[in-house]
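Structure, as structure tokens:
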Protein chains: 2
Amino acid sequence: MPVTLKDIARRVGKSVPTVSRALGNHADISPETRAEVQRVARELGYEPSAIALNLRRRRAGAVSLISPAHAQVRFSDPFFAEFLNGVVEAVAEQHIDLLVTAGAEEDVEALYLKQIRSRRTDGFIVVRTQRNDSRIHLLREQGAPFVAYGRTEENNDFCFVDEDGAAGIALVVDHLASLGHRRIAYISEPLFLTKAYHRMTGFRQGLERNRLPFHPELFVETHFRQRSGRQAAAYLLDLPQPPTAIVAANDLLALGAMHEAQSRGLTVGRDVSITGFDDIPLTEYVHPALTTVHLPAQEFGRRVAQMLLKLIDKAPLEERQFIYQPSLVVRGSSGPAPA
Amino acid sequence: MPVTLKDIARRVGKSVPTVSRALGNHADISPETRAEVQRVARELGYEPSAIALNLRRRRAGAVSLISPAHAQVRFSDPFFAEFLNGVVEAVAEQHIDLLVTAGAEEDVEALYLKQIRSRRTDGFIVVRTQRNDSRIHLLREQGAPFVAYGRTEENNDFCFVDEDGAAGIALVVDHLASLGHRRIAYISEPLFLTKAYHRMTGFRQGLERNRLPFHPELFVETHFRQRSGRQAAAYLLDLPQPPTAIVAANDLLALGAMHEAQSRGLTVGRDVSITGFDDIPLTEYVHPALTTVHLPAQEFGRRVAQMLLKLIDKAPLEERQFIYQPSLVVRGSSGPAPA
DNA sequence: CTTGACACCTAAATCGATTTAGTTTATACT
DNA sequence: AGTATAAACTAAATCGATTTAGGTGTCAAG
């Protein structure tokens with residue numbers, strides 16, 4: 001049903017290659033033929049077959065984003081949703097397709113391998129990097145182009161965009177310390193994630209820098225989302241000596257913690273201070289608004305995608321690695337330590 | 001670099017078709033040849049070229065979801081993010097790729113047309129349907145398989161999954177009326193969206209059913225997100241006779257409205273009741289938790305995707321249209337009307 | 001000794017494009 | 001008139017698979 005070069009060729013009474021070259025504005029086609037061919041092509045609504053083109057060019061015309069399965073977060077994470085917005089926009093501008101796939105926990109590697117070998121994609125966007133990331137080992141080994149959002153803990157000689165999470169959290173600790181808090185708790189995401197690890201490091205650095213002691217009982221490693229934040233806060237607030245401030249590793253955890261505090265009748269920002277990280281669109285609209293660390297999620301997505309497209313085209317990259325210095329956003333959820 | 005049939009053929013000293021048939025377990029290949037071919041294929045890590053296969057089969061092996069550009073919402077809308085989760089999972093199960101594309105406002109139609117003609121995709125998932133939806137006109141006219149999330153206002157003889165938004169909002173109105181509210185405001189999404197239109201209708205039906213008057217000044221049509229909800233609430237609460245309850249057409253609007261009310265020192269659920277719609281994961285974790293209407297967003301995504309895949313395979317569809325009856329979730333943000 | 005059947009494999013065509021290497025025709029020049 | 005040259009096209013190969021039709025060799029039956 002769709003229109004092919006053959007159809008046009010038949011209509012104009014010329015061969016298929018002639019039609020192809022006429023459409024490609026090659027020099028060895030007479031102006032009349034060219035005009036005629038282009039007229040007919042327009043008339044029939046011809047659009048070259050993406051698949052045939054890709055076969056010929058040995059490219060897929062698409063890049064791949066495989067959402068890791070752990071913790072069932074996928075796109076529910078608002079930070080990640082914003083990131084995706086950026087990716088989608090950047091690839092659309094270059095007329096490249098974005099393949100979004102879900103990876104089952106066990107066989108992510110198999111999935112990557114399959115996509116590489118079946119040449120379904122020209123490159124990968126890797127998200128939620130782990131300190132020791134098998135996906136990155138694999139991609140490097142296979143020589144597949146990729147850009148990561150986040151680093152690993154080892155050999156980081158690949159393209160990535162990342163934030164300086166340690167610095168970000170340290171800013172939070174400085175802020176709380178300056179408000180007089182001395183018992184500061186930390187709710188961490190799973191530490192196998194590089195991001196979580198960095199932020200945790202920043203917490204400890206922040207404590208040291210402000211000459212505050214690290215209390216192991218005030219440190220909780222949990223999952224990603226509100227429910228976990230709530231549970232962690234419940235544990236912390238039940239301690240004989242509860243913290244006066246709770247630093248959450250991301251905004252969702254912070255919202256969960258706020259919910260727990262509020263359902264205990266505490267006023268967040270007065271009885272207890274709670275902070276987040278990521279500055280997802282919601283933080284401004286909860287009550288009290290959340291003190292957090294701002295990250296331009298959408299810009300990260302754009303950047304990663306643009307880097308990848310350049311990498312694929314073997315275009316010169318002005319920078320292979322980018323580390324964003326986040327800034328603190330003080331809102332109502334943090335206040336002076338209670339006396 | 002990647003392994004092709006030719007490579008295997010060379011290795012086993014057989015022709016390419018023989019290798020193909022051996023891998024396909026055809027009957028006219030001797031057991032020894034078959035075993036040998038399969039051994040070599042495994043050894044070399046052979047995976048058929050998705051592109052070559054697709055060319056041959058005249059299929060794209062992918063379905064397309066084009067995110068409409070209006071209001072810059074894309075994936076930031078948590079409901080939509082959940083929906084996407086469902087879609088991604090369902091297509092991954094069938095080993096189909098999901099193409100996610102951003103459509104510029106002006107030329108969405110051009111984008112659809114291009115994808116159809118270039119045979120980049122086997123079918124479309126249409127989201128955020130409009131009462132008069134040019135995308136649906138186009139897809140129908142072009143005979144491209146598609147499933148919509150949401151209906152239109154006209155000829156709905158296509159496959160869709162939708163919720164009964166009118167019934168959902170009417171439940172909310174019943175609830176508020178039973179709490180004694182008589183001045184109930186409504187914050188609507190843009191009414192060119194079918195969904196928004198249905199919900200609005202439900203609001204008016206709900207009022208009638210409870211013998212409550214419709215006050216035009218208590219009706220605000222605005223955009224999708226918190227900011228709009230906040231502005232609308234500001235307007236409503238500034239009225240000489242402010243409403244005692246505000247029904248928002250979605251949860252984000254409701255959260256924005258709550259924020260405005262709270263920053264005026266009002267206690268939501270006591271001084272003013274506020275309700276949402278969609279039951280996004282956050283609603284449970286704000287304070288007070290939001291009274292809303294539950295929709296299984298992820299299941300909708302799955303359902304739409306599964307329908308589309310069946311439609312593409314021309315498999316029998318047990319139902320071409322599905323309308324979900326939503327249910328009310330009462331939480332803390334709604335309470336008795338103040339005296 | 002011929003014929004037929006079967007088992008096993010390969011040549012050629014196909015999907016829809018592009019590119020390389022010719023080929024034809026007309027014109028220009030000697 | 002004969003040949004060089006340019007202009008405008010086409011045949012054939014290619015990308016990587018599958019399918020259809022055909023071919024070869026072995027063995028059994030007549």
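- Among the protein residues, A:S49 comes within range of the sugar-phosphate backbone only, with heavy atoms under 4.0 Å from sugar or phosphate atoms but none that close to a base.
- Along DNA chain C, the nucleotide nearest A:I51 and the nucleotide nearest B:P31 are compared for position; the residue whose nucleotide lies closer to the 5' end is B:P31.
- Between B:L23 atom CG and C:dC9 atom P the separation is 13 Å, expressed in whole Å.
- Across all strands shown, A:L55 has heavy atoms under 4.0 Å from base atoms, whether or not it also approaches the sugar-phosphate.
- Among the atoms of the strands shown, none is found under 4.0 Å from any heavy atom of B:R57.
- Heavy atoms of other residues, nucleotides or ligands lying less than 6.0 angstrom from CZ of A:R34 number more than 12.
- As a whole-Å value, the separation of B:L5 CG from D:dT14 C1' is 15 Å.
- A sub-4.0 Å separation between OP1 or OP2 of D:dC9 and a side-chain N or O of A:S30 is present.
- A:Y46 and A:Q38 share no side-chain donor-acceptor pair at under 3.5 Å.
- Base engagement by A:R56 is indicated by at least one non-hydrogen atom pair under 4.0 Å involving a base atom.
- At least one donor-acceptor pair under 3.5 Å links the side chain of A:N54 to the backbone N or O of A:A60.
- Within the 4.5 Å cutoff, the side chain of A:I136 has heavy atoms near those of the A:F146 side chain.
- Judged by distance alone, with hydrogens and angles left aside, B:D28 brings no side-chain donor or acceptor close enough to the base of C:dC8 to form a pair under 3.5 Å.
- Between B:Y46 and the phosphate of D:dA17, there is a side-chain N or O to OP1/OP2 separation shorter than 4.0 Å.
- Distances shown here put a side-chain N or O of A:K6 below 4.0 Å from the OP1 or OP2 atom of C:dC15.
- Aromatic pair A:F75/B:F75: ring centres not closer than 6.0 Å.
- Contact annotation: B:K14 reaches the phosphate of C:dC9 (side-chain N/O to OP1 or OP2, under 4.0 Å).
- The CD1 atom of A:I29 sits 8 Å away from the P atom of D:dT10 (whole-angstrom rounding).
- Within 4.0 Å of A:P48, counting heavy atoms only, lie sugar-phosphate atoms of the nucleic acid but no base atom.
- At the phosphate of C:dT18, OP1 or OP2 sits under 4.0 Å from a side-chain N or O atom of A:S20.
- Contact annotation: A:T33 side-chain N/O to D:dC9 OP1/OP2 distance is under 4.0 Å.
- Remark: A:R119 is in phosphate contact with D:dA17, judged by side-chain N or O atoms under 4.0 Å from OP1 or OP2.
- Along DNA chain C, the nucleotide nearest to A:V19 and the one nearest to B:S15 differ in position, and the one closer to the 5' end is contacted by B:S15.
- Atom P of nucleotide D:dA17 and atom CZ of A:R117 are separated by 13 Å, given to the nearest angstrom.
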